[in-house]
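The structure displayed is predicted, hence computed values, not measured ones.
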Amino acid sequence: QLQATESGGGLVQTGGSLTLACAASGFKLDTYGIGWFRQAPGKEREGVSAISNSDDSADYADSVKGRFTISRDNAKNTVYLQMNSLKPEDTAVYYCAAEGAYYYYHSRLHPRAYDTWGQGTQVTVSS
């Protein structure tokens with residue numbers, strides 16, 4: 001059974017940093033495209049960042065470019081999202097997801113590209 005588990009969320013002040021981790025079980029992360037998404041109350045889930053399943057190229061939403069960095073540690077079967085210069089508008093539940101059957105039919109920042117989702121981790125940025 002494929003599972004993805006997020007960790008690393010928490011409460012941080014504006015301008016602070018957090019590193020989220022997405023640990024995989026039941027599959028090797030280095031063969032899957034992985035996406036990070038977030039959902040704030042009353043808003044739709046939005047793609048934040050993604051890393052490809054081939055050359056580890058990365059995509060970022062415009063709102064996080066220059067502040068967030070996605071990376072892999074294949075030895076630990078984990079993908080990370082380093083978040084710097086956090087803003088109150090970054091407050092949301094953050095999810096990681098592994099590519100699904102329609103991965104190649106959608107943008108890598110689109111939720112429909114992914115099938116296996118974690119339970120989410122809360123990130124709260126205080127002003």
Side-chain angles (χ1 to χ4, degrees):
Q1 183 177 358
L2 308 186
Q3 284 189 318
T5 304
E6 305 92 342
S7 62
L11 174 64
V12 65
Q13 291 185 334
T14 296
S17 298
L18 283 173
T19 300
L20 304 184
C22 175
S25 61
F27 65 104
K28 295 284 288 180
L29 268 179
D30 61 353
T31 61
Y32 280 75
I34 302 296
W36 280 100
F37 295 80
R38 67 187 181 188
Q39 189 165 18
K43 294 188 176 181
E44 292 187 355
R45 189 168 298 190
E46 64 168 337
V48 173
S49 182
I51 189 165
S52 80
N53 58 5
S54 56
D55 60 1
D56 279 357
S57 59
D59 297 300
Y60 297 95
D62 288 344
S63 58
V64 307
K65 279 181 183 175
R67 300 188 298 122
F68 290 11
T69 304
I70 192 170
S71 63
R72 289 184 193 270
D73 185 334
N74 292 334
K76 295 183 178 179
N77 210 28
T78 300
V79 170
Y80 299 97
L81 185 68
Q82 174 69 43
M83 307 187 296
N84 298 327
S85 302
L86 283 163
K87 305 175 182 180
E89 51 264 44
D90 294 319
T91 295
V93 177
Y94 283 71
Y95 302 88
C96 69
E99 70 174 72
Y102 296 101
Y103 182 72
Y104 295 102
Y105 293 84
H106 298 283
S107 157
R108 295 194 302 204
L109 293 180
H110 196 292
R112 290 184 182 174
Y114 300 87
D115 277 348
T116 300
W117 291 82
Q119 81 289 349
T121 186
Q122 176 71 46
V123 172
T124 303
V125 184
S126 63
S127 58

Exercise. Does Asn74 reach the main-chain N or O of Asn77 with its side chain, forming a donor-acceptor pair under 3.5 Å?
Worked result: no
Problem set entry | ring-ring contact (aromatic ring centres under 6.0 Å, His included) pairs, two or more places apart, involving residues 3-55 | Phe27-Tyr32, Phe37-Tyr114, Phe37-Trp117
For this session: Return the minimal non-hydrogen interatomic distance between Leu86 and Met83, and the atom names on each side.
Result: CD2-CB, 3.8 Å
Exercise. Do Val48 and Leu81 have side chains that get closer than 4.5 Å, going by heavy atoms?
Worked result: yes
Exercise. According to the ring-ring contact (aromatic ring centres under 6.0 Å, His included) rule, which pairs have a member within residues 63-100, sequence neighbours left out?
Worked result: none
Problem set entry | Closest contact, heavy atoms only, Ile34 versus Leu29 | CD1-CD2, 3.0 Å
Scan the side chains in residues 6-25 for donor-acceptor partners under 3.5 Å anywhere in the protein, sequence neighbours excluded, and list what turns up.
residue : atom : partner : partner atom : Å
Glu6    : OE1  : Gln119  : N            : 3.0
Glu6    : OE1  : Gly120  : N            : 2.8
Glu6    : OE2  : Cys96   : N            : 2.8
Glu6    : OE2  : Gly120  : N            : 3.4
Thr14   : OG1  : Ser126  : O            : 2.7
Ser17   : OG   : Asn84   : OD1          : 2.9
Thr19   : OG1  : Gln82   : OE1          : 2.4

Seminar exercise, completed: Going by chain and number, the hydrophobic cluster around Tyr102 (ILVMFWY, side chain to side chain under 4.5 Å) further includes Tyr105
Exercise. Between CD of Glu99 and CG of Asn53, what distance do you get to the nearest 0.5 Å?
Worked result: 4.5 Å
Problem set entry | Side chain Thr78, main chain Lys76, donor-acceptor under 3.5 Å | yes
Seminar exercise, completed: Closest non-hydrogen atoms of His110 and His106, given as atom of the first, atom of the second and distance, are CB-CB, 3.9 Å
Throw together a table of side-chain donor-acceptor distances under 3.5 angstrom for residues 58-66, partners on residues two or more places apart or in other chains.
residue : atom : partner : partner atom : Å
Asp59   : OD2  : Arg108  : NE           : 2.5
Asp59   : OD2  : Arg108  : NH2          : 2.7
Tyr60   : OH   : Ile70   : N            : 2.9
Asp62   : OD1  : Lys65   : NZ           : 3.2
Ser63   : OG   : Arg38   : NH2          : 3.4

For this session: Determine which pairs satisfy disulfide bond (SG atoms under 2.5 Å apart) with at least one residue from residues 39-72, sequence neighbours left out, and list them in order.
Result: none
Exercise. Can you name the salt bridge (Lys or Arg N to Asp or Glu O under 4.0 Å) partners of Asp56, sequence neighbours left out?
Worked result: Arg72
For this session: Just jot down the salt bridge (Lys or Arg N to Asp or Glu O under 4.0 Å) partners of Arg67, sequence neighbours excluded, or say none.
Result: Asp90
Problem set entry | Under the side-chain hydrogen bond (donor to acceptor under 3.5 Å, both in side chains) test, residues paired with Ser85 that sit two or more places apart | none
For this session: Only pairs at least two apart or in different chains count here, so list each disulfide bond (SG atoms under 2.5 Å apart) that has a residue in residues 34-81.
Result: none
Exercise. How would you list, by chain and number, every residue that makes a salt bridge (Lys or Arg N to Asp or Glu O under 4.0 Å) with Arg45, sequence neighbours excluded?
Worked result: none
For this session: Would you mind reporting whether Thr116 and Gln3 have side-chain heavy atoms less than 4.5 Å apart?
Result: no
Problem set entry | Residue pairs involving residues 24-36 (criterion salt bridge (Lys or Arg N to Asp or Glu O under 4.0 Å); sequence neighbours excluded) | none
Exercise. Closest heavy-atom contact between Ala113 and Ser107?
Worked result: CB-O, 3.8 Å
